[in-house]
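Labels below follow one simple rule: chain letters A, B, ... track the order of the sequence lines, proteins then strands, and each chain is numbered from 1.
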Amino acid sequence: MVLENLGLAFAAVFEIKTVLLIFAGTFAGIVAGAIPGFTIAMAVILTLPFTFGMTPLQGSATMMGVFVGGYSGGLISGTLLGIPGTPSSVATTFDGFPMARQGKPGLALGVGIWSSFFGGLIGAVLLVLFAPPIALFGLKFGPWEFFALIAFALTIIASLASESMLKGGIAGLMGLLIATIGDDDITAISRFDFGIDAIKQGFGFLPVLIGLFAFAQLMSDIEGGEKAQASLMDVDAESVSVEHGRAVRIILSQPINLIRSACIGVFVGALPAAGGSVSNILSYDQAKKASRHPEKFGTGIPDGIIASEAANNGTAGGALITMIALGIPGDISVAVMLGALLIHNVIPSPTFINDEPVLVYGIFVAFFLAHFVMIGLQAVGMRVFLKVAHLPKYILASSVLFFCATGVFALHNITFDIWTLFWFGALGYLMKKFGFPLAPMILGVILGDLAEVNLNRAYMSDPDPLLFFTRPISLFFVILALMSLVFPFWQRARHQPWTALFLPVSAVVVSIPFWISPGVLKLVGLAFAVVGAFLIFKQLRNGAPARE
Amino acid sequence: MHVRADTVIGALLVVFIATLFAMTFDLPPAPYETMGPALFPRILLVALFPMCLALFVKSAVRDFREGQAKREIASFAEWFDNYRNVLAIYLLFFMFAWALPWAGYLASGFFFLMLAQLALGPKGWVKVPQFLAVTIGILALLYFIFRVVLLVLLPEGEIGLM
């Protein structure tokens, strides 16, 4: 069945037009990723309007190209300038930049590009293997489970907001509130429209996303008087020549580092969490801990570049698992990706794989193919990417902004969308200035409708709110949401004695949903409870010492 | 006493949330067996209120504790120099959105792109031909993609400039 679907999908994707679109998408993704400050989400946003007239498969395939290109493009500026193009390439700079400064920029780029490639392929294989069973598991979800899962996704994004968890929480809830503006999906009654007709339809989420994210980012880039006249990246493109053969040999000599890093990336990506921005750091840290020469990390060794780049491209595969199987995005770039798919009437959910097998497997194939395209483009087009990133900020900012306005207008052919872009651009910029993270708000805007519809369905099925706590899967996500809320406090109070009990107590609490589940899952609950109880006993016997 | 931005934002958010909460009582009751249009926003607003209040109180307490402690505040000239580009672009974008329905896509787009580059780019007339070339190039490219390829009906405007 899987092979048959894959065969049909291969035939659909390997049409000349679709392949060319994957090329174009990957090219756009690499260029956007290579420009510092232009994140993958921005790359997806900017490419989306071009795909409006395409079929769902062509549009999704193009987006996959952008997605893969964006993940690998971020390493270019990170390696050559020490400024990561995207947050998912932060750890790449730790060793990539020192290696480039040692006179080996071609090798540093080669190791990064090929690690991205291998990491992405591992992610693609795991995507094909794991998405269908997870979707099958998702079929057991009722509205209670979906609502609890969305709550978990939002709490974890808010709790990972580096600036302030309080501000992250406010931003996330505000995002959900923005999604309630306009007609209610169930009753068609308009809310918070202030008597303005255009608002009664609600804000289109694309203008809101572009405003909050792209507009605000562009404004941040041009701050500071004469700085707008500088280019975002200043590297002599002619001096860079990628060493492919040597890079591949180095990577293949470290298979454990490569596979471990890609798996960490897939795992982190599959969680409704922080995606590539977390996985590259986590993977780098694990590679350093497992290394025989950890002291060399940060001095320009390939091990660190492999760990970071294999992880961030692996994350893309992991994030697609949860998004396609459950319809829940993890980080901001996947949230935007989900929005892009929705525009093409591609609505990921647990039934999606069964309902549209050719389309889903087509997305998988496009994701897989995009990695080969990425390698090809990086091999021949590195100098072009560097030259695009060399453009002065004032040209980039004005043209990208004008392009954003054209793109949002093209969506519904109404100027109100351009006003939406303007107001949310101002809001996003002010939020950035005052330390409110944008990711929770964007996730809130995208998940708002889904959250309300599922809460409504749950209410219509049975208005008893206790069902959120008595259904095992729902309770599991509620517990995870509560744990993610406590997590930042635990991190901050690392030297307090009570923090030593956090994980054991969490293990015991997590066992509860397994206890109330039918069948063999009770044994899993028993295992969690026993391990948790043992650790609590051990900590109490030792006087709950402060953690190191 | 110097008041932090968070104190002002927290206070404004508290008032805003309370206003929206009051507005939910103007919404019609739930039809049939649904939870109605007001319940979900109310849940969000009830969760938001203590958080915004906490932001306000936390920041106000810090303001009060620091009292008259001297803090460096940028002069208006410094502030303006830092934000003039941002203000210029917001103003130009506002004018673009306002002019679009009556001046049309090409005319309003031309002025936006030219003026944005003049505001942000190097001063002097030397670069004007470059600005002009970039403007015409971008306009032509986007017009071709959206109007010719994607068949989007871009605003033609009322004064016939397109």
Side-chain angles (χ1 to χ4, degrees), chain A residues 49-50 52-53 164 166-167 169-170 173-174 176-177 180 183-184 186-187 189-192 215 218-220 222-229 392-395 397-399 401-403 405-407 409-410 413 415 418-419 421-422 425-426 429 433-436 451-452 455-456 458-460 463, chain B residues 5-6 9 13 20 23-24 27-28 30-41 43-45 47-48 51-52 54-55 58 81-86 89-90 92-94 96-97 100-101 105 109 112-113 116-117 119-122 134-135 138-139 142 145-146 149-155:
Chain A
F50 291 116
F52 289 164
S164 153
L166 185 62
K167 287 181 175 176
I170 291 173
L173 288 171
M174 280 290 184
L176 289 171
L177 199 62
T180 68
D183 287 347
D184 172 23
I186 305 282
T187 61
I189 294 166
S190 180
R191 300 172 293 194
F192 307 131
F215 204 133
L218 289 168
M219 292 302 103
S220 302
I222 58 165
E223 270 177 15
E226 310 301 315
K227 284 183 194 164
Q229 290 160 25
K393 282 190 237 176
Y394 66 89
I395 293 182
S398 49
S399 51
L401 207 51
F402 182 63
F403 171 70
T406 312
F409 178 83
N413 273 32
T415 42
I418 294 181
W419 285 112
L421 175 71
F422 175 77
Y429 181 68
K433 294 304 302 176
F434 293 117
F436 285 84
E452 185 171 11
L455 187 64
N456 220 327
Y459 184 90
M460 285 193 285
Chain B
D6 279 357
I9 294 168
L13 282 174
L20 289 184
M23 283 173 71
T24 62
L27 293 169
Y32 319 112
E33 296 297 314
T34 69
M35 66 180 191
L39 183 61
F40 187 61
I43 292 170
L44 299 176
L45 292 164
L48 266 169
M51 294 170 91
C52 297
L55 181 70
K58 212 171 128 186
D81 190 50
N82 196 36
Y83 292 107
R84 68 186 154 98
N85 289 342
V86 176
I89 291 298
Y90 273 114
L92 288 173
F93 195 86
F94 182 90
F96 163 70
L100 190 63
Y105 178 77
F112 172 76
L113 285 167
Q117 289 178 88
L120 302 179
V134 169
T135 300
I138 290 169
L139 270 178
L142 292 186
I145 292 169
F146 285 97
V149 179
L150 298 175
L151 304 175
V152 175
L153 294 171
L154 296 168

Winner by heavy-atom pair count (cut-off under 4.5 Å) against chain A, out of B/Ala38, B/Gly36, B/Pro28, B/Pro101: B/Pro28
Geometric class of the B/Tyr90/A/Phe215 ring pair [parallel <30°, tilted 30-60°, perpendicular >60°]: parallel
Sub-6.0 Å ring centroid separation between B/Phe96 and A/Phe402: yes
B/Leu100 CG to A/Phe409 CZ distance, which is reported to the nearest 0.5 Å: 6.5 Å
Inter-residue atom distance B/Leu45.CG - A/Thr180.OG1, 0.5 Å rounding: 7.5 Å
Which of B/Pro41, B/Ala116, B/Ala47, B/Ala5 touches chain A most, by non-hydrogen pairs under 4.5 Å: B/Pro41
Heavy-atom pair count under 4.5 Å with chain A, highest-scoring of B/Leu39, B/Leu153, B/Leu139, B/Leu13: B/Leu153
Pairwise distance CE(B/Met23) to CZ(A/Arg191) - rounded to 0.5 angstrom: 11.5 Å
Ring centres under 6.0 angstrom apart (A/Trp419, B/Phe93): no
Whether A/Asn413 side chain and B/Val152 backbone form a donor-acceptor pair below 3.5 Å: no
Distance, nearest 0.5 Å, that separates NZ of A/Lys393 from CG of B/Asn85: 9.5 Å
Most chain A-contacting option - heavy-atom pairs closer than 4.5 Å, from B/Leu142, B/Ile138, B/Thr135, B/Leu48: B/Leu48
